[in-house]
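Working notes, structure below.
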Amino acid sequence: MRLPAQTAGDTGAPQGGLEDRMARFATIWGRAIFPVTATSLTRSEFEQHLVPLTRTLVGALRARPFDASVGQRVGTELVAVHCTDPEALSGTLGVVESYLVLYCGPEGPDAESVEGTEEYRSRCARLQHGIAAGFARALRERTLKEQEAIARSALTARIDAQQALHASEARFRAVFEGAAIGIGIADLEGNVLEVNDALLQMFGGMDGHVRGRNVSEWGHPDDTPHVWRMYGELVRGERENYRVEKPYYRHDGTVLWTNLTVSLLRDAEGVPQYQLALMEDTTERRLLNLRLRYEATHDALTGLPNRTLFFERLEKALGGAGATRFGLCYLDLDGFKTVNDSLGHSAGDRLLVEVADRLQSCATGPGEVVARLGGDEFVALTTGPDTEEKATELAVRILSALSVPIRLEGRELTVRGSIGIVEGPARERTPAEVLRSADITMYRAKAAGGNRFEFADAAADARAITRHGLTNALPAALERGEFFIEYQPLVHMHDGSVHGAEALVRWSHPQHGVLGPDRFIPLAERTGLIVPLGRWVLEESVRQARNWQHQQGGATLRINVNLSPTQLHHPGLVADTIRVLESSGLAPGSLCLEVTESALIGADDELLEPLRRLAALGVDIALDDFGTGYSNLANLRRLPVSVLKLDRSFTKGMQQHPANPVDVKIVEGIVALAHSLELAVTVEGVETGAQAAQLRALGCDTAQGWYYARPGAPDRIHALSLSDAVPTL
């Protein structure tokens, strides 16, 4: 090793005190060995660490008596501070040889004598030998300790590895034997090597039917193609695992359904060795799911497919591959509510079960299916190229099967049904559209008398859909003020003066425009909205009549308002009428309520009581459409009416010239009868002057029709009432 060069001041004995010289020596020593020392100290820190060793060497060099073993301690200390490289020992010996006596040698008389200098150099040499010996011994001991520690660590690691392996094997065996899921190990050829008890129990508990077999023997017809494709990829090492739902046959022929996970096991070099299978028995869960699926898609009472399953079948028939045409029969039992009301719901349920059995016996052809949609509604579906004929035959079979009486609770019941048939090409309509059309058609068959079938008609469907839309829009229309009233004048026939007006309600529909009462009054009757709508018409009409009277200086101008049958039955009719009259200030004699003759056929005293109370107050009651209800004329004596409104069908024959003599005789008789009972006669539908002249000659009191004026706004009535006579159109 090359030693540090001396500075300019090192040509002779160093200057300064001993402490400075020892520090200088430690610096030279540190520079010589620091580069080959494995220490975390910086060089200045390392040099400071050498200062105590320098003092030790200097003390040994000058000691009396001299002790060379001090050098061994210095060598040992060098090893302790990680100066273990042979270069560190060589550098240390070189520095001691060159600089120890020079920097820290004799002082005073000894420094001047040759004997003193030689003795110090001899001591320095012996210290070097001691340093080398101590260094070698310490390095050997250190090496031995390190080797012993390594050997001990290796032994400990080997023991730990063996213990870990044993514990791992014990844990694996515990998991393998005690797992609740089935575990099996097979080689890459598919031979089953090991299985646990859970897997044995899944396959019936017979070891011979599982262990030793090849997995290729466990194929099942329900296996999907990709199961064995993934298996081949796994054993070839192309995939690490796969998971599928797979069925197996047990030895007794029963089916075991499993969630199967198969993983590839490789050795330390990554070469495939085994396959590990984990099986979860899902048989009971699958059976439960199938049961729940059945219950969710079948009617609990009849066992037939329900609406959900039928929609699936219908959707497949309408849009599936190969679908051509379809025929659908929508059946609703006629009068089923009567069975429930008279015999009870349990009897009704038994009736539905019997009907379901008969329907199933009717739909036995290819592609035919029967379902219960709910209540007493059933549906039958047929598919194929000639569905129009097949649907007709199916409907005939159904009605024929229902015609056989059903014995129920000791009595025979005859079941009738109405069927709506929708037939056509597939892929043109959605299931919802088909069922809606069938439902509409079924109600059309029911309205035609029932116990029959009808084929769907697009125009009839459109009308029914429009009616349904109007029905749903009625409540909101009343709230939004979409209704308004037009007034048609009632004219005195002897002089043509305006006697009053009939209030005719109209609906200003946002999409359909202005609708007449024939479009929405029947709908309002069915929904019950006729009561609030009729009340509004009464309020508006009475208020308008009062306004006319104010405009004419108090002259009497009557207002006629129509009452529906539903309003007649409403308990608030009398109270509402009185409230409207009192709030408006209109005299009761200026109001005439028109009731159709058909509404009063067979009316009892309870129904007539509200009309009698109103008549007693002075309100006129008119019998509208007289002659169309085929009522007994003797009933006129018990009805609280003061006006007969003759239906236009009796006067239509008078529009021609000469007038139909039969019609003339009928009208003449009715007028004579009415006048004998002190009833006024009003004629509707007057359209010609000849007709008006003939009716005036027969003694009719008042009339209305287009000959006098069309229905119009309120101010038109006011203008006509100020004229001497109503102008003709």
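All residue numbers refer to positions in the sequence shown, counting from 1.
H220 and Y249 have their aromatic ring centers within a separation under 6.0 angstrom. Between F34 and F46, the ring center distance clears the sub-6.0 Å criterion.
Note that the OG1 atom of T308 and the CG atom of D299 stand 11.0 Å from one another [nearest 0.5 Å]. Going from atom NZ of K316 over to atom OG1 of T383 covers 10.0 Å, rounded to the nearest 0.5 Å. Atom-to-atom distance recorded for R121:CZ and E97:CD is 9.0 Å, nearest 0.5 angstrom. With values rounded to the nearest 0.5 angstrom, S44 atom OG is found 13.5 Å from H49 atom NE2. The CZ atom of F378 sits 6.0 Å away from atom CG of L359, with the distance rounded to the nearest 0.5 Å. Between the CG atom of D187 and the CD atom of Q273 there is a distance of 11.0 Å, given to the nearest 0.5 Å.
When side chains are defined from C-beta on, L100 counts as touching L61, because their heavy atoms get closer than 4.5 Å. Between V255 and Y248, every side-chain heavy-atom pair lies at or beyond the 4.5 Å cut-off. Side-chain contact between P35 and E87 is absent, with no heavy-atom pair separated by less than 4.5 Å. T261 has its side chain out of reach of Y242: every pair of non-hydrogen atoms, C-beta onward, lies at least 4.5 Å apart. Residues L188 and P272 have side chains in contact (heavy-atom distance under 4.5 Å, counting atoms from C-beta outward). Taking the side chain as every heavy atom from C-beta outward, L278 and L260 never approach each other to under 4.5 Å. Side-chain contact between V192 and V215: present, with at least one pair of heavy atoms (C-beta onward) separated by less than 4.5 Å. A heavy-atom distance below 4.5 Å is found between the side chains of V235 and Q275.
In this model, no donor atom of one side chain and acceptor atom of the other lie less than 3.5 Å apart for S346 and D349. A donor-acceptor pair shorter than 3.5 Å can be found between the side chains of N191 and N214. A donor-acceptor pair shorter than 3.5 Å cannot be found between the side chains of R286 and T282.
Judged by distance alone, with hydrogens and angles left aside, the side-chain atoms of N306 form a donor-acceptor pair with the main-chain N or O of A296 at under 3.5 Å. Of the possible donor and acceptor atoms, one in the side chain of R21 sits under 3.5 Å from a partner among the backbone N and O of Y103. Here the side chain of T283 pairs a donor or acceptor atom with the backbone of W257 at under 3.5 angstrom. In terms of modelled atom types and a separation under 3.5 Å, the side chain of T56 and the main chain of P52 share a donor-acceptor contact. In this structure, the side chain of T382 does not engage the main chain of G327 through any donor-acceptor pair within 3.5 Å. Under the 3.5 Å distance criterion, the side-chain polar atoms of T254 are left unmatched by any main-chain donor or acceptor of R250. Without hydrogens or angle criteria, N289 side chain to L292 main chain gives no donor-acceptor distance under 3.5 Å. Of the possible donor and acceptor atoms, one in the side chain of N196 sits under 3.5 Å from a partner among the backbone N and O of I183. Using modelled atom types, no side-chain atom of R236 and backbone atom of E238 make a donor-acceptor pair closer than 3.5 Å. Using a distance-only test at 3.5 Å, with no hydrogens or angles considered, no donor-acceptor pair links the side chain of R313 to the main chain of A371.
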Derivation of the salt bridge (Lys or Arg N to Asp or Glu O under 4.0 Å) call for E148 and R152: CA-CA 6 Å; E148 182 180 0; R152 187 182 302 110; 2.8 Å; yes
Walk me through whether R285 and E280 qualify under salt bridge (Lys or Arg N to Asp or Glu O under 4.0 Å).
CA-CA 11 Å; R285 187 167 64 206; E280 179 189 7; 3.5 Å; yes
Using the rule given for side-chain contact (heavy atoms from CB on, under 4.5 Å), can you reason through H298 versus L304, listing the C-alpha separation, both sets of side-chain angles and the distance that settles it, and then say yes or no?
CA-CA 6 Å; H298 287 75; L304 293 177; over 6 Å; no
| Checking side-chain contact (heavy atoms from CB on, under 4.5 Å) for the pair T297/F310: CA distance, chi angles, key distance, verdict? | CA-CA 8 Å; T297 56; F310 182 76; over 6 Å; no
*asked:* Let's go through E19 and R55 carefully: what are the C-alpha distance in whole Å and the side-chain angles of both, what is the deciding distance for side-chain contact (heavy atoms from CB on, under 4.5 Å) to 0.1 Å, and is it a yes or a no?
replied: CA-CA 9 Å; E19 285 294 329; R55 289 195 183 96; 3.3 Å; yes
**Request:** Step by step, work out the side-chain contact (heavy atoms from CB on, under 4.5 Å) result for V262 and L276.
**Result:** CA-CA 6 Å; V262 184; L276 174 68; over 6 Å; no
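Heavy-atom contacts from other residues, nucleotides or ligands closer than 6.0 Å to CZ of R142 number more than 12. Other residues, nucleotides and ligands contribute over 12 non-hydrogen atoms within 6.0 Å of the CD atom of E217. The local environment of CZ in R266 is crowded, with over 12 non-hydrogen atoms from other residues, nucleotides or ligands closer than 6.0 Å. Remark: Y231 OH is packed, more than 12 non-hydrogen atoms of other residues, nucleotides or ligands lying under 6.0 Å away. Other residues, nucleotides and ligands place no more than 12 heavy atoms under 6.0 Å from the NE2 atom of H468.
A salt bridge between R123 and E119 is present, with a side-chain N of the basic residue lying under 4.0 Å from a carboxylate O of the acidic one. With respect to the salt-bridge test (charged N to carboxylate O, under 4.0 angstrom), the residues R229 and E233 qualify. Ion pair E312/R293 flagged as a salt bridge, since at least one NZ, NE, NH1 or NH2 atom sits closer than 4.0 Å to an Asp/Glu carboxylate oxygen. By the 4.0 Å N-to-carboxylate-O rule, E47 lies too far from R24 to be salt-bridged with it.
Summarising the geometry of L318 relative to T430, their closest heavy-atom pair is CD1-C, 3.7 Å, with the distance given to 0.1 Å. Between A26 and L50, the shortest heavy-atom contact is O-CD1, 4.0 Å. The nearest pair of heavy atoms linking R429 to S437 is NH1-OG, 4.4 Å. A pairwise comparison of heavy atoms in C83 and I33 identifies SG-CD1, 4.1 Å as the closest pair. Scanning all heavy atoms of the two residues, the minimum distance from P305 to V369 falls at CG-CG2, 4.4 Å. Residue L435 comes nearest to L328 through the heavy atom pair CD2-CD1, 4.1 Å, listed as atom of the first residue, atom of the second, then distance.
Each of T92, V96, L57 was checked for a side-chain contact (heavy atoms from CB on, under 4.5 Å) with V74, and the lone residue meeting it is L57.
Under the ring-ring contact (aromatic ring centres under 6.0 Å, His included) criterion, H226 pairs with no residue at all, not counting sequence neighbours.
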Throw together a table of side-chain donor-acceptor distances under 3.5 angstrom for residues 126-133, partners on residues two or more places apart or in other chains.
none

